[in-house]
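Protein chains get the first letters and strands the later ones, always in sequence-line order, with residue 1 at the start of each. Bear in mind that the values here come from a model prediction, so they are computed numbers and not experimental data.
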2 protein chains.
Amino acid sequence: MSTTSTRSSSTDSAATRSRAERSRTVHAGLTAHDVVDAALAIVERDGGRALTMRGLASELGVTTTTIYWHVGNRDELVIALIEALAARLGTAEVVGETPAERVTDAAMNIWRNALAHRNVTALAGQVGATTLLELPLEISLLAELESAGLRGARARDAMRAILLCIAGFLVGAWRSDETVPEDLTPAALWAGVDDERVSAESLAAMGEPADLEALLAATLGAVVVGLLATASTKATASTKRESPDE
Amino acid sequence: MSTTSTRSSSTDSAATRSRAERSRTVHAGLTAHDVVDAALAIVERDGGRALTMRGLASELGVTTTTIYWHVGNRDELVIALIEALAARLGTAEVVGETPAERVTDAAMNIWRNALAHRNVTALAGQVGATTLLELPLEISLLAELESAGLRGARARDAMRAILLCIAGFLVGAWRSDETVPEDLTPAALWAGVDDERVSAESLAAMGEPADLEALLAATLGAVVVGLLATASTKATASTKRESPDE
DNA sequence: TCAAGTCTTGCACGGCGTTCAAGTGGTGTG
DNA sequence: CACACCACTTGAACGCCGTGCAAGACTTGA
């Protein structure tokens, strides 16, 4: 009785799934791939926090135990979900004329990709699987760094610096939708500052948000210039920047 | 909704004072201050994830309901905990001769403080209350930026860029203790890369960790130089040395 | 037809944040 | 002194979460 078609009427999107291909058995006809796909959809739609085993199961019209049978853990599910998105993502093309421009563009590709898939990227960051998601893009960045003359430990340090800057700006970009009491928001805190060391003009400016994309581009430009300057003599910096020791 | 069921600071001070004088009733004799203190100790010791209402209650020898009576929510407890640490923290002194050096040092103060209280800082980051924890240090940074000639929107952008870079490097510094399967760690992933665009030398270098502190100092140096260069013509940061001494 | 393997289920455990009605004991007031 | 009031504490419960176990249902090969 309770076995044949106990589709809970809550979600009908699951009923239209690919199971209709072959035998409409009493089994749900689920694949691990299906489960991962549904989980990925949930995360992309509602964020990683909304990915709960019970919710995923009910969305698929199944019990939680079925989920566990197909993909083991929740952690493993998250990893599989990140891998699925990584496989779906193609490497973006790098544009730019000078090496510095190309390096910056490869870095901005990572930024744009992270923004386009913010929920999965944030989830990957929480479990420490960022590299798993972004490896192809990071390889492109490393290639551009090598073209710019950095190799070995220097290239690694440049990668790390750029990647971590991007990570920080992503944190800033996601900070907006965090649930902080509105009287403790940065703008409110800065509005209450009264310090003789800082001007009222700057204090007032702290309230408004900034254009993070432009700011990141400018910051990365400066970082790249600095990194290339310490590496070789062909740092075509725009201004008077020089490395004292050579 | 802000101060309905919770003991806000107005009634809180009166209650704590009368109880501090004639304390230790037959009841557990708890203060909101005590609860926050214990919670702060737990977070500093075992991390924000270990802060559970039941655990905190049992550590104090009371029931969870008592916790809820003193400090309302868990979210409010976290905020209060961050505020408590912020109040306990003094502003560090900024050293350096040139404006660029002083700006960088003020920034590194934030970094060092975040490392010294990594658990609370990470928790504050998760709830979006970073500014609440670091406001005095950020004010010092803003003051140094003004001394370096940046004001208004420019100073704000400089603050944001520096702060977000620090946030990214903190993410990197904390990444080490995340529970990722060891075959999906960045080093393992890079070890499996075989791409003709990158040299084996650089590829091998990606496996080893970097000195984040030195890397951050170098990165901030470059960012500060870039920021000051775009601001005015008097950005003579030529004395800044960032020679890799190894 | 029957055994083995592949799914799927119901039920349960422990832990989490949170709420609610019911106390318990000091304290000021009549 | 009695009594109401108020600050504080408790036990029990609700609904959520991740997870494991034994058993059932269906498919498949012999």
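- Separating the CG atom of A/L60 from the C1' atom of C/dT8 is a distance of 13 Å, rounded to the nearest angstrom.
- Of the possible polar contacts, one joining the B/S58 side chain to the B/G55 backbone as a donor-acceptor pair under 3.5 Å is found.
- Using modelled atom types, no side-chain atom of A/R175 and backbone atom of B/A129 make a donor-acceptor pair closer than 3.5 Å.
- Here the P atom of nucleotide D/dA12 and the CE atom of B/M53 are 20 Å apart, to the nearest Å.
- Atom CZ in B/R49 sits about 11 Å away from atom P in D/dG18, given to the nearest Å.
- Note: CG (A/L30) to P (C/dC7) measures 10 Å, nearest angstrom.
- Nearest nucleotide to the side chain of A/R54, out of C/dT9, D/dT19, C/dG17: D/dT19.
- B/R54 places no side-chain N or O within 3.5 Å of a backbone atom of B/T63 that could act as its donor or acceptor partner.
- The side chain of A/T52 lies closest to D/dC17 when the candidates are D/dC17, D/dA7, C/dT9.
- Looking at B/T66, its side chain never comes within 3.5 Å of a backbone N or O of B/V62 through a donor-acceptor pair.
- In this structure, B/I110 and B/L163 have side chains that are in contact, with non-hydrogen atoms separated by less than 4.5 Å.
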For nucleotides 19-22 of chain C, list the nitrogen or oxygen atoms of the protein found under 3.5 Å from its nitrogen or oxygen atoms, one pair per line.
none

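- As judged by a 4.0 angstrom heavy-atom cut-off over every strand, A/L51 is placed among residues touching the sugar-phosphate backbone only.
- In this structure, the nucleotide among C/dG10, C/dC16, C/dT18 sitting nearest to the side chain of A/T63 is C/dG10.
- Side chain of A/T219 to backbone of A/L215: a donor-acceptor contact under 3.5 angstrom is found.
- A/I67 has its CD1 atom 15 Å from the C1' atom of D/dC17, to the nearest Å.
- Side-chain atoms of A/L142 and B/L203, non-hydrogen and from C-beta on, do get closer than 4.5 Å to each other.
- Atom pair B/L77:CG and C/dT18:C1' shows a separation of 14 Å (rounding to whole Å applied).
- In this structure, B/D75 places its CG atom 13 Å from C1' of C/dC16, rounding to the nearest Å.
- Side-chain proximity of B/R74 to C/dT8, D/dT9, C/dT18: nearest is C/dT18.
- The interatomic distance linking B/H70 (NE2) with D/dT10 (C1') rounds to 13 Å, in whole Å.
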